[in-house]
Amino acid sequence: MSHDVWVVVEHQDGLAKKISLELLGCARALAAAWSGKVVAFVPGGSTSQVAAALGARGADMVFAAEHPLLQRYTTDGYATVLTEALRADPPAVALFGATSQGRDLAPRVAARLGVGIVTDCTSVGVQDGTLVATRPMYTRKAIGTIRFKETAPRIAVVLPAMYPLPPEQPQRKAEIRSWPVQLDARAIRTTVREVKTIQRETIPLIDADIIVSGGRGMKGPENFALLDALARALGGAVGSSRPPVDSGWVPHDYEIGQTGKTVSPQVYLACGISGAPQHLAGMSGSKHIIAINKDPNAPLLQLADLGIVGDLFQILPKLTDAVKRVKSSP
Ligand SMILES: Cc1cc2nc3c(=O)[nH]c(=O)nc-3n(C[C@H](O)[C@H](O)[C@H](O)COP(=O)(O)OP(=O)(O)OC[C@H]3O[C@@H](n4cnc5c(N)ncnc54)[C@H](O)[C@@H]3O)c2cc1C
């Protein structure tokens, strides 16, 4: 069996997404344990710019799988290419990001190959020569350790922000090879007609080290401006619990939790969120949790590293001013 570790790279506008770079860091450690190579697999319509940058982040080799039909993500197109590639040259493990694309793609590829998969991994490592992954279970009440069987490849879908970005080494270059892609348009059952980008005041949740999140306690859509202002001052993103999404105060891509996104930023600041298990399922992996709630018995205050009992409408403006003051002081 090959000891190589593949990273399936997601990219946009010629740049690899942050999660894919994090996976290169994870792959480096696995490849070192097995004396294998780190291979970045880059599907897309045009991949030369992104492929050229991956050596500096730890890839030894890059497979550029270019085809006009891969210009935009489709489940059928990408699953066909990945399945054939992993069947033709099976690595020891293939790493996918736990993004909407990775979560859609990886289980299909695993099913078509008939190999094992672990989703929502918080770590992937080698113990006694065996690949082992950890993942949250029972809405994060427990962390399970899962040993993979010796299939090739094994597939791991890794949550964002579990691995630090590998440092950029500009002098480091990867060998770039073109991966032959044969795709028939008739095999792709969906047509992407348009991609609409959601306009946000702040950076996307998935890229954020700091998330400022609001719940039903925000009382209305206009008050999310308080969260935008604080998130901008901190250089973070704004998220929400489910009620603000259900009420149409914020778009669906803000939602964090069981039916929303799973995030694990360095800091998660929850404002007017009670801490229902369905919300905790999406954010309890955050490194530091701060909660503002006027109810001292709110469950999230029990989980938080730092709890502020009080009225968020009084606290948030003061907090934003304090952050701006600290950031502008020499
Ligand atoms: C199948 C299923 C899936 C679900 N998936 C999700 C999911 O993915 N994500 C999710 O979030 N929820 C999800 N839910 C809903 C979940 O059960 C809770 O209803 C929801 O998380 C509650 O949101 P909240 O904390 O914002 O609201 P509430 O529980 O109503 O809490 C509001 C909080 O704001 C506080 N507050 C009010 N005013 C102020 C003020 N002025 N200052 C400070 N604090 C104040 C209150 O004390 C209270 O604690 C799901 C439910 C089901 C059944």
Side-chain angles (χ1 to χ4, degrees), residues 98-104 119-120 122 135-142 157 159-161 198 200 202 204-206 208 210-231 233-234 236-265 267-323:
T99 58
S100 40
Q101 179 178 312
R103 284 184 158 142
D104 182 54
T119 55
D120 286 354
T122 49
R135 77 183 305 281
M137 303 173 109
Y138 309 117
T139 56
R140 287 189 175 254
K141 288 194 177 66
V157 186
L159 288 169
I198 292 171
R200 276 180 158 272
T202 53
L205 282 175
I206 198 110
I210 301 177
I211 293 176
V212 180
S213 214
R216 204 194 314 260
M218 296 306 298
K219 308 273 195 261
E222 64 285 358
N223 296 325
F224 270 73
L226 293 170
L227 303 180
D228 283 338
L230 179 57
L234 288 165
V238 176
S240 82
S241 63
R242 182 157 150 177
V245 173
D246 286 348
S247 305
W249 301 349
V250 291
H252 183 262
D253 86 315
Y254 276 52
E255 184 179 329
I256 292 164
Q258 190 178 315
T259 44
K261 291 194 165 61
T262 303
V263 295
S264 36
V267 178
Y268 187 85
L269 173 57
C271 308
I273 297 179
S274 59
Q278 294 87 356
H279 187 73
L280 302 187
M283 47 62 69
S284 59
S286 306
K287 307 285 178 303
H288 304 283
I289 297 171
I290 305 172
I292 304 176
N293 202 302
K294 66 179 185 184
D295 174 5
N297 298 315
L300 198 46
L301 285 173
Q302 316 308 315
L303 180 77
D305 301 290
L306 177 67
I308 306 171
V309 178
D311 183 352
L312 65 89
F313 295 104
Q314 291 182 13
I315 295 164
L316 281 175
K318 289 182 186 159
L319 201 52
T320 305
D321 284 347
V323 170

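Throughout, numbering of the chain's residues begins at 1 and tracks the sequence. For ligands, and for the atoms within them, numbers begin at 1 and follow the listed sequence. Worth knowing before you read on, the calculation uses all heavy atoms, side chains too, and leaves out hydrogens, waters and symmetry mates.
Of the protein's non-hydrogen atoms, the one nearest atom 44 (N) of ligand 1 is K294 N, 3.1 Å. Looking only at heavy atoms of the protein, atom 4 (C) of ligand 1 is closest to R242 NH1, 3.1 Å. Protein heavy atom in closest approach to atom 31 (O) of ligand 1: S274 CB, 3.4 Å. Looking at atom 24 (P) of ligand 1, its nearest protein heavy atom turns out to be S241 OG, 3.6 Å. In terms of protein heavy-atom proximity, atom 47 (O) of ligand 1 is closest to N293 OD1, 2.7 Å. Looking from atom 41 (N) of ligand 1 to the surrounding protein, the closest heavy atom is D311 OD1, 3.0 Å. Of the protein's non-hydrogen atoms, E255 OE2, 3.3 Å is the one closest to atom 7 (C) of ligand 1. R216 NE, 2.7 Å is the protein heavy atom nearest to atom 30 (O) of ligand 1.
Ring orientation note: the planes of Y254 and F224 are nearly perpendicular, at an angle over 60° on the 30°/60° scale.
With rounding to the nearest 0.5 angstrom, the OG atom of S213 is 8.5 Å from the CG atom of L269. The distance from atom NE2 of H279 to atom OG of S284, rounded to the nearest 0.5 Å, is 9.5 Å.
Near G257, meaning under 4.0 Å from any of its heavy atoms, are these atoms of ligand 1: 7 (C), 8 (O), 9 (N). Close approach of ligand 1 to G215 is summarised as follows: ligand atoms under 4.0 Å from at least one heavy atom of the residue are 26 (O). Near G260, meaning under 4.0 Å from any of its heavy atoms, are these atoms of ligand 1: 8 (O). Ligand 1 places these atoms under 4.0 Å from at least one heavy atom of F313: 41 (N). Close approach to G310 involves these atoms of ligand 1, each under 4.0 Å from a residue heavy atom: 42 (N), 43 (C). Here is the list of ligand 1 atoms found below 4.0 Å of a heavy atom in A276: 16 (C), 17 (O), 18 (C), 21 (O).
Side-chain atoms of S264 come within 3.5 Å of backbone N or O of P160 as a donor-acceptor pair. A donor-acceptor pair is defined here as one N or O able to donate and one able to accept, closer than 3.5 Å; such a pair exists between the side chain of N293 and the backbone of I273. Here the side chain of S286 pairs no donor or acceptor atom with the backbone of I289 at under 3.5 angstrom.
For the pair A298 and ligand 1, the shortest N or O to N or O distance does not fall below 3.5 Å. Inclusion of P243 in the set of residues having an N or O under 3.5 Å from an N or O of ligand 1 is not warranted. In terms of polar-atom proximity, G272 is counted as a contact of ligand 1, with an N or O under 3.5 Å from an N or O of the ligand. The N/O atoms of S240, backbone and side chain alike, include none that comes under 3.5 Å of an N/O atom in ligand 1.
A salt bridge links D120 and R103; the closest N-O separation between the charged side-chain nitrogens and carboxylate oxygens is under 4.0 Å.
At least one heavy atom of K219 lies less than 4.0 angstrom from ligand 1. Distances shorter than 4.0 angstrom do not occur between any heavy atom of G282 and any atom of ligand 1. Residue I256 places a heavy atom less than 4.0 Å from ligand 1.
A donor-acceptor contact under 3.5 angstrom links the side chains of R135 and T119, judged on distance only.
Here the rule is side-chain contact (heavy atoms from CB on, under 4.5 Å) with I315, and of I292, V309, T320 only I292 fits it.
When the options K261, M218, Q278, M283 are ranked by their closest heavy atom to atom 50 (C) of ligand 1, first place goes to Q278.
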